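The structure appears right after this line, and notes come after that.
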Amino acid sequence: MNKNPVRQFNFRRPGIVASAVVMIAVVFAFSSCPAHTPAAGIFVYNESDPFMHEFAEQIVRQAKGRFATTLYYANNSQLIQNEQIEAERAKKSDILLVNPVDRLGAFAIIRKMKAENVPVIFFNREPLAADLALWDRTFYVGARPEQSGQLQAHMVIDLFGGNPDAPNEYDRNGDGVIQAILFKGEQGHQDAETRTTEVLRSFEKTGWKVELLGMEIANWNRDEAYSKAGSLLAAWKPALELVLSNNDDMALGVISRMRQEGWFKDSNGNGRIDQKDASWIPVVGIDGIADARESIAEGYLYGTVTNNSLQMAASIVELTEMLLGERSGQELSVPLTDGKYIWVDYQPYISR
Ligand code: BGC
C-alpha cells in the first residue's frame, strides 16, 4: 500500500484535484486542532520531607510524554491541600494523585471526586479501607509497613550473628540482651505505628531479647530527631547497642548528634567509619533516600530498608494510564490486589 496519498493525485482531472484539495484542507484543519492532553494533579503533603520529595520527582519524571502533571506541596496542612485540589479541579484535570496530609482527609476528597467522576490514586499515606470502598475509582499505591519492620529486625539479627542465645561482639556488654532506643515517625501514620510494633515483635518472635531503653516521636524529621536524641543519648551512652529508626531522615539526625557525642570515630584514620571501632554501634533506618545511601557508604548508617519509590511512581503512572483508558489492567507491572491496591515490596540495603 502506498503510504503517501499525495502521490496518488491525478493532476490531469481537475474535478478530482479539487476534491482532493478540499480533503487535504479538512484533514489539515482536524490535525491542527489541539488534541486533549490528559492532565493529572499531584498533591504531596510536605515538600521538606526528603523521601516524598524524591517520590514526587519520580512521578513527574516518569509521567513525562505520557500525561501532563502539576505538582503541589501542602506544607503539612490539609486545609492548604484541599484548596490546591479545588484550584486544580477548576483547571479540569482528568485524575488526582494524592498523598494526603491527614489520611482521614481522604474521605472528603473521595466523596467530592466521586460526585465529579474524577478518579483518585492515593499514595504513601493509606486511607481507611472503608473510605477507599466508597467508590470503585479510588486506589492506593504503597508498601506494607509490617514488611519493613520485619526486614529491619532481620538486618539487625544478621549483624548480631543470627543466634539469639549467643549474640556476637556487637552485644557490647555481653549480657545476651540488645539495649536499644527507637525513633518513631508521625503518630497515627500507618507506617510509624506498624513499623514500630513489627520490628519489636520480630525480635521477640525469633527469641531475641531487646531492651527498649527509650523511644522518641520525631515525626519523620531529621532536625527533630537530632534535638530529641540529645537527652536519650546522654542518659544511655555507655549502655547503648542499637538505634532503630522508622525512617532514614530521623536516623541521619540521630547520627549527627551521636557524632557530636563521640560515636563514629575514624580511629584508624582510613577515611571510613569502621564497624569494628569501639565507637561504632548500628543505626538502622527505612527508605533508602540518597543521603542514607551515602551515609551507609561512609560507614555511619549500618543499613536501611528500601521503600521503592521508583517502582511506586511507575505503578502510579501505569494506573493513571489505565484510568485514562490507555492501558489494560493486565499491563500493570505490579498487579492490583482486591481491585484497589498496588503493594510494592521493600528490600533490605546494607553496605557491601
Ligand atoms: C516514609 C517517611 C515519610 C513518610 C511520609 C513513610 O513511608 O518512610 O520517610 O516521611 O512516609 O508520609
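One is the number of the first residue; the rest follow in order along the sequence. If you're wondering where the values come from, they're calculated on a predicted model, not measured in any experiment. Start at 1 and go down the list; that is how both ligands and their atoms are numbered.
Residues that satisfy the side chain to side chain contact (heavy atoms under 4.5 Å, CB included) test with Ser48, not counting sequence neighbours, are Asn46.
A donor and an acceptor atom, one from each side chain of Gln78 and Asp102, are nowhere located under 3.5 Å apart. Side-chain atoms of Gln260 and Tyr226 form a donor-acceptor pair, as typed in the model, at a separation below 3.5 Å. Looking at Thr304 and Asp287, their side chains never bring a donor and an acceptor atom within 3.5 Å of each other.
Between Phe122 and Tyr140, the ring centre distance reaches or exceeds 6.0 Å.
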Ligand 1 polar-atom proximity to protein (N/O, under 3.5 Å):
unit_1, atom_1, unit_2, atom_2, d
ligand 1, 7 (O), Asn124, ND2, 3.2
ligand 1, 7 (O), Asp191, OD2, 2.6
ligand 1, 7 (O), Arg195, NH2, 3.4
ligand 1, 7 (O), Asn307, ND2, 3.3
ligand 1, 8 (O), Arg195, NH1, 2.8
ligand 1, 8 (O), Arg195, NH2, 3.4
ligand 1, 8 (O), Asp287, OD1, 2.7
ligand 1, 8 (O), Asp287, OD2, 3.2
ligand 1, 9 (O), Asn247, ND2, 2.9
ligand 1, 9 (O), Asp287, OD2, 2.5
ligand 1, 10 (O), Asp49, OD2, 2.4
ligand 1, 11 (O), Asn124, ND2, 2.9
ligand 1, 12 (O), Asn124, OD1, 2.6
ligand 1, 12 (O), Arg125, NE, 2.8
ligand 1, 12 (O), Arg125, NH2, 3.4
ligand 1, 12 (O), His189, NE2, 2.8

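Panel note: side chain Arg103, backbone Glu126; a donor-acceptor pair is recorded below 3.5 Å.
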